[in-house]
Amino acid sequence: MSRRPAMVENFLRPARSPSAVAADAVRVAGLLSVVVAAVWFDLTDAGILALALPALVVPRFVGVRPAFDIVCGLTVLIAAWSNVVDLYRGLPAWDIPMHLVCTAVLAALGYIAAARLDVVPLPEAESFRRRTAVVVTTMLGLAFSAVWEMVEWVGKAFVDTVYVTYDDTIGDMVVGGLGAVVAGLVVARVRLTALDAASATPERVGLTRVR
C-alpha cells in the first residue's frame, strides 16, 4: 500500500481511545475558534486562527500518537489565540516560549510527515539513524522559523497587527532553532508515530523510546 492512501486511512479512522477522542476535540475547537473570531472579533483574527488549521489536521493524516497530537493542536491554538488577544504585545516575554515550543512541535511533525512520504526513514524503520533525525528535524525547524518571520513581516507591512523588529526576528529564529534541536533529539529517541489505520492492532497511547 502506498503512503498516500495509508495517510487518508489514518485521517478517516475512528478514534480508538479517550486520548484520540481528546485530540479530535482539539481539532473541533480549532474550527470553532475560527467561527468565534469571525463573529466576535474580526476577519483578520479569524484568518490568523485559520492558519493554525493545517497544523491541526496534519497529525491525523501522518498518524502520530494521540498524546503528541494533542500537544501539537494545543500549542498552535495557544499561539494563534495569543495573537488574537494581543498577548504578545501585553506580555512581550510570552513570544519566547511560544517560538520555542511551536517550532519544536512543528519540526517534529514535519519530520514524521516527510517520513510518511518516504523522504526520510520512519523511526521504526531499519534504516533509521538518530543523527539523521536530529539534523533533518533541526533544518525543518529553522525553515519553519524563517517562514514564521516572513508571515510576521507580511502582517506588519500589510495588516499592521504584528510587532516586528530586527532584534525580535533574529531572537525568535534563534529560540526556534533551539526548539528544533530539542525536537530532533525527541524524534531520535521517542517514538511519536502510531500504527497505520491499515494495521488491525490499536496503538498504545503512551510515548515509547525508539530502539
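Just so you know, these numbers use all the heavy atoms, side chains as well, and skip hydrogens, waters and symmetry mates. Quick note: residue numbers are just sequence positions, from 1.
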Checklist outcome for this item: Contacts satisfying ring-ring contact (aromatic ring centres under 6.0 Å, His included) that involve residues 15-46 (not counting sequence neighbours) are Phe41-Trp81
Can [Y] be reached from [X] by stepping across I, L, V, M, F, W or Y side chains whose heavy atoms are under 4.5 Å apart?
{"X": "Phe128", "Y": "Leu185", "answer": "no"}
{"X": "Val135", "Y": "Val120", "answer": "no"}
{"X": "Leu100", "Y": "Met139", "answer": "no"}
{"X": "Met98", "Y": "Val84", "answer": "yes"}
{"X": "Val186", "Y": "Val181", "answer": "no"}

Give the minimum heavy-atom separation between [X] and [Y], together with the two atoms involved.
{"X": "Ile78", "Y": "Ser82", "value": "O-OG, 2.6 Å"}
{"X": "Glu126", "Y": "Arg129", "value": "O-NH1, 3.2 Å"}
{"X": "Gly184", "Y": "Val134", "value": "O-CG2, 3.6 Å"}
{"X": "Tyr111", "Y": "Thr132", "value": "CE1-O, 4.5 Å"}
{"X": "Ser19", "Y": "Ile70", "value": "O-CD1, 3.5 Å"}
{"X": "Arg65", "Y": "Thr193", "value": "NE-O, 3.2 Å"}

Which distance, rounded to the nearest 0.5 Å, do you find between the [atom1] of [X] and the [atom2] of [Y]?
{"X": "Ile96", "Y": "Leu178", "atom1": "CD1", "atom2": "CG", "value": "11.0 Å"}
{"X": "Cys102", "Y": "Trp148", "atom1": "SG", "atom2": "CH2", "value": "4.0 Å"}
{"X": "Met150", "Y": "Thr169", "atom1": "CE", "atom2": "OG1", "value": "11.0 Å"}
{"X": "Leu106", "Y": "Thr137", "atom1": "CG", "atom2": "OG1", "value": "12.0 Å"}
{"X": "Asn83", "Y": "Asp45", "atom1": "CG", "atom2": "CG", "value": "7.5 Å"}
{"X": "Asp118", "Y": "Leu122", "atom1": "CG", "atom2": "CG", "value": "7.5 Å"}

Could you check whether any side-chain heavy atom of [X] comes within less than 4.5 Å of a side-chain heavy atom of [Y], counting everything from C-beta outward?
{"X": "Leu56", "Y": "Leu31", "value": "no"}
{"X": "Leu192", "Y": "Val190", "value": "yes"}
{"X": "Asp24", "Y": "Arg60", "value": "yes"}

Checklist entry - Picking from Asn10, Val57, Leu109, what satisfies side-chain contact (heavy atoms from CB on, under 4.5 Å) with Val62? => result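 Passing option: Leu109.
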Item to check | Evaluation steps, side chain to side chain contact (heavy atoms under 4.5 Å, CB included), between Arg16 and Val21 | outcome: CA-CA 8 Å; Arg16 298 192 182 106; Val21 172; over 6 Å; no
Checklist entry - Is the side chain of Arg130 donor-acceptor paired with the backbone N or O of Arg189 at a distance under 3.5 Å, no angle test? => result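 Checking the backbone N and O of Arg189 against the side chain of Arg130, no donor-acceptor pair under 3.5 Å is found.
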Next on the checklist: Main chain of Ala79, side chain of Tyr88: is a donor-acceptor contact present, judged purely on distance under 3.5 Å?
Outcome noted: yes
Next on the checklist: Does Met7 form a side chain to side chain contact (heavy atoms under 4.5 Å, CB included) with Leu117? I'd like the steps, not just the answer.
Outcome noted: CA-CA 9 Å; Met7 288 195 288; Leu117 294 171; 3.3 Å; yes
Item to check | Plane angle bin for Phe11 and Phe61 - parallel if under 30°, tilted between 30 and 60°, otherwise perpendicular | outcome: parallel
